[in-house]
Amino acid sequence: MLSVTLPWPDRLLHPNARTHWGKKAKATKAAREAAFALALQAGWRRALLPEGRLDLWVDFYPPDRRRRDDDGMLASFKAARDGLAQALGIDDSRFYSHPRLQDEVRPGGVVVVRITPAGALL
């Protein structure tokens, strides 16, 4: 199982955010690059992965107690997901996402990502 902790997604990446496309593009690039770099630091570059689908367990630990929905969080995570796939050298279409919005608040918020072979329970 591979695991990495990523920063909380920028609010500009949320699908309901109404922002200038240029600001969103910068936030998207930053999220992708951060996920790529953190995955490399975690040793994902030479990871041996099974063929076929992979389960992507995405645990969102929010920075505060505001209400959020899992589909918005997963959409906000898309750029980071692309960065993880890039670090692994695979197409992100292999991922089957399992978003889980946790009740536990962590300072600044974090996203803990785990990758397992498809069908393996976590």
Side-chain angles (χ1 to χ4, degrees):
M1 174 178 64
L2 300 173
S3 180
V4 67
T5 300
L6 303 175
W8 187 254
D10 190 314
R11 66 176 185 80
L12 298 175
L13 299 176
H14 195 278
N16 293 340
R18 302 293 180 245
T19 188
H20 187 272
W21 64 267
K23 289 182 181 180
K24 184 173 182 177
K26 286 181 183 179
T28 299
K29 182 177 180 182
R32 183 178 181 140
E33 289 176 350
F36 177 79
L38 290 168
L40 292 184
Q41 284 179 357
W44 286 27
R45 180 173 290 265
R46 293 183 184 88
L48 296 175
L49 298 171
E51 293 295 319
R53 302 288 287 204
L54 300 167
D55 284 327
L56 186 72
W57 303 91
V58 189
D59 291 316
F60 295 96
Y61 292 90
D64 54 45
R65 296 240 177 252
R66 281 188 273 175
R67 291 184 355 191
R68 294 172 172 86
D69 54 26
D70 61 348
D71 63 330
M73 293 311 311
L74 192 57
S76 299
F77 179 71
K78 173 68 171 122
R81 174 183 158 128
D82 291 340
L84 297 176
Q86 181 183 4
L88 291 168
I90 64 172
D91 189 294
D92 71 332
S93 66
R94 290 184 58 193
F95 292 145
Y96 180 76
S97 298
H98 302 277
R100 301 183 296 190
L101 188 54
Q102 302 295 336
D103 291 331
E104 179 186 341
V105 172
R106 294 194 183 174
V110 296
V111 181
V112 178
V113 181
R114 293 176 195 86
I115 296 177
T116 61
L121 294 179
L122 187 65

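- Residues V112 and S3 share a closest heavy-atom pair of CG1-OG, 4.3 Å.
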* Stepwise side-chain contact (heavy atoms from CB on, under 4.5 Å) test for D59 and R114 -> CA-CA 9 Å; D59 291 316; R114 293 176 195 86; 2.6 Å; yes
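- Looking at heavy atoms from C-beta onward, D82 lies out of side-chain contact with T28 at the 4.5 angstrom threshold.
- L49 is connected to L84 through a chain of hydrophobic side-chain contacts under 4.5 Å among Ile, Leu, Val, Met, Phe, Trp and Tyr, so both are in one cluster.
- In terms of heavy atoms, P62 sits closest to Q102 at CD-O, 3.4 Å.
- Within a 6.0 Å radius of CZ in R53, more than 12 heavy atoms belonging to other residues, nucleotides or ligands are found.
- H98 and W57 have parallel rings, their planes meeting at less than 30° on a 0 to 90° scale where 60° marks the start of perpendicular.
- Side chains of L88 and I115 form a contact here, defined as non-hydrogen atoms less than 4.5 Å apart.
- In the displayed structure, D103 atom CG is contacted under 6.0 Å by at most 12 heavy atoms of other residues, nucleotides or ligands.
- In this structure, CG in D10 is found 10.5 Å from NZ in K24, a value given to the nearest 0.5 Å.
- Summarising the geometry, atom CG belonging to L6 is positioned 13.5 Å from atom CZ belonging to F36; distances are rounded to the nearest 0.5 Å.
- Between P117 and L54, the closest heavy-atom pair is CA-CD2, 4.4 Å.
- The shortest side-chain heavy-atom distance between P15 and D71 does not fall under the 4.5 Å cut-off.
- Scanning all heavy atoms of the two residues, the minimum distance from R68 to W8 falls at NE-CZ2, 3.4 Å.
- Looking at heavy atoms from C-beta onward, F77 lies in side-chain contact with L56 at the 4.5 angstrom threshold.
- Counting heavy atoms from C-beta outward, P9 and M73 have side chains that approach closer than 4.5 Å.
- Between K26 and L12 the shortest side-chain heavy-atom distance does not fall below 4.5 Å.
- Taking OG1 from T116 and CG from D55, the interatomic distance works out to 4.5 Å, rounded to the nearest 0.5 Å.
- Within the 4.5 Å cutoff, no side-chain heavy atoms of Q86 are placed close to those of W44.
- With rounding to the nearest 0.5 angstrom, the CD1 atom of I90 is 10.5 Å from the CD atom of E51.
- Cation-pi geometry between R106 and Y61 is met: the NZ or CZ atom falls under 6.0 Å from the ring centre, inside 45° of the normal.
- The hydrophobic cluster containing V111 does not contain Y96, counting ILVMFWY residues as joined when their side-chain heavy atoms lie under 4.5 angstrom apart, directly or transitively.
- Side chains of T5 and L38 form no contact here, defined as non-hydrogen atoms less than 4.5 Å apart.
- Interatomic distance, CG of D92 versus NZ of K78, reported as 4.0 Å (0.5 Å rounding).
- Between the side chain of D69 and the backbone N or O of G72 there is at least one donor-acceptor pair closer than 3.5 Å.
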